[in-house]
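Order of the sequence lines fixes the chain letters, A, B, ..., with proteins taken first and strands second; residue numbering starts at 1 for each chain. Every value quoted in this text rests on a predicted model; they were computed, and no experiment measured them.
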There are 2 protein chains.
Amino acid sequence: MKGDAFDPDCPTRLILDRIGDKWSVLVVLGLTGGPRRFTELRGLIGGVTPKVLTQTLRAMERDGLLTRTIFAEVPPRVEYALTPLGASLRRPIEAIAAWAEENVEAVVSARDRHDALA
Amino acid sequence: MKGDAFDPDCPTRLILDRIGDKWSVLVVLGLTGGPRRFTELRGLIGGVTPKVLTQTLRAMERDGLLTRTIFAEVPPRVEYALTPLGASLRRPIEAIAAWAEENVEAVVSARDRHDALA
DNA sequence: CAGGATCCAATGCGATACTG
DNA sequence: CAGTATCGCATTGGATCCTG
């Protein structure tokens, strides 16, 4: 880890902005089990609107993290799948997710303790 | 990893919101070398305004990720340091940072390729 | 089914100026 | 030095309705 990430103009920031988007993280998590359709993802990820999900998917497609495949059928079917690049993101993201699940409690109680004496 | 993170009401989302904040990530990175003063951090992290840095630090203190120590001196000195909890975040965060540095190029070129045929 | 379009409310964030 | 206060734009994100 060089100091790169500290430079506002360093492209590394681009990645952080992407990871930083919680929807992106959840999409990666949601696609770990294989390709998913739009509505599947929408249902899987609680609280996301179609608009935002679309934006997220488009941005991730642009960044080469996933593919969007349209099947010429009726009714229309579109599948999203992780690319190898996107799949390689799983490990770090799962590390974060694991940390989150392990430490939520500590964070919440720290928060409560802090708020108690406010 | 259970499906927790997909539930909008699950506290795990709280963590993602925190990690999702790019400033928090950079603060953790900036404090890996030991305690730092406000201005040091400000200088270290390019492009952050005092206001936002303060907000970030306060939120992280609230969550038990770092401590804020005021020294009764003139001129005033305030040091920020990671708590054990905050320090435990380093590993997952560095995993992300490492991924970012390894794959920025791939992402940027994917983006360029995508934009080229737009 | 998979979104695109539109409108709007919230707020994040930067710039600037000021204080203990 | 280490912030706080205020202003204001610009972006984000939700809600809703519509279409290939």
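Applying the side-chain hydrogen bond (donor to acceptor under 3.5 Å, both in side chains) rule to A:T69 yields no partners; only residues at least two apart in sequence or on another chain are considered. Legend: residues meeting salt bridge (Lys or Arg N to Asp or Glu O under 4.0 Å) with A:D21, ordered by chain and number and at least two apart, are absent. Residues meeting the salt bridge (Lys or Arg N to Asp or Glu O under 4.0 Å) test with A:E40, sequence neighbours left out: A:R36. Partners of B:E73 according to the side-chain hydrogen bond (donor to acceptor under 3.5 Å, both in side chains) rule, which considers only residues two or more places apart in sequence or in another chain, are B:R77. For the side-chain hydrogen bond (donor to acceptor under 3.5 Å, both in side chains) test, residues two or more places apart in sequence or in another chain that qualify with A:R68 are A:Y80. Checked against salt bridge (Lys or Arg N to Asp or Glu O under 4.0 Å), B:R90 has the following partners two or more places apart in sequence or in another chain: B:E94. Scanning for side-chain contact (heavy atoms from CB on, under 4.5 Å) contacts around B:S88 gives A:W99, B:L85, with sequence neighbours left out. In this view, A:P50 and A:F38, A:R42 satisfy the side-chain contact (heavy atoms from CB on, under 4.5 Å) rule, not counting sequence neighbours.
Over its length, the helix from C:dC1-D:dG20 to C:dG20-D:dC1 turns its helix axis by 60°, as judged from the five terminal pairs at each end, rounded to 10°.
For residues 46-67 of chain A, the pairs satisfying side chain to side chain donor-acceptor pair (under 3.5 Å) are A:R18-A:D63, A:R62-B:D115, A:D63-B:R111, with sequence neighbours left out.
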> Taking protein heavy atoms under 4.0 Å as touching, what does nucleotides 1-13 of chain C look like 5' to 3' if B marks base contact, S marks sugar-phosphate-only contact and - marks none?
Replying inline: BSSS-BB-----B
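The distance from the CG atom of B:L66 to the CG atom of B:L89 is 10.5 Å, given to the nearest 0.5 Å.
Taking 4.0 Å as the cutoff to heavy atoms of chain B, we find the contact window on DNA chain D bounded by D:dC1 to D:dC7.
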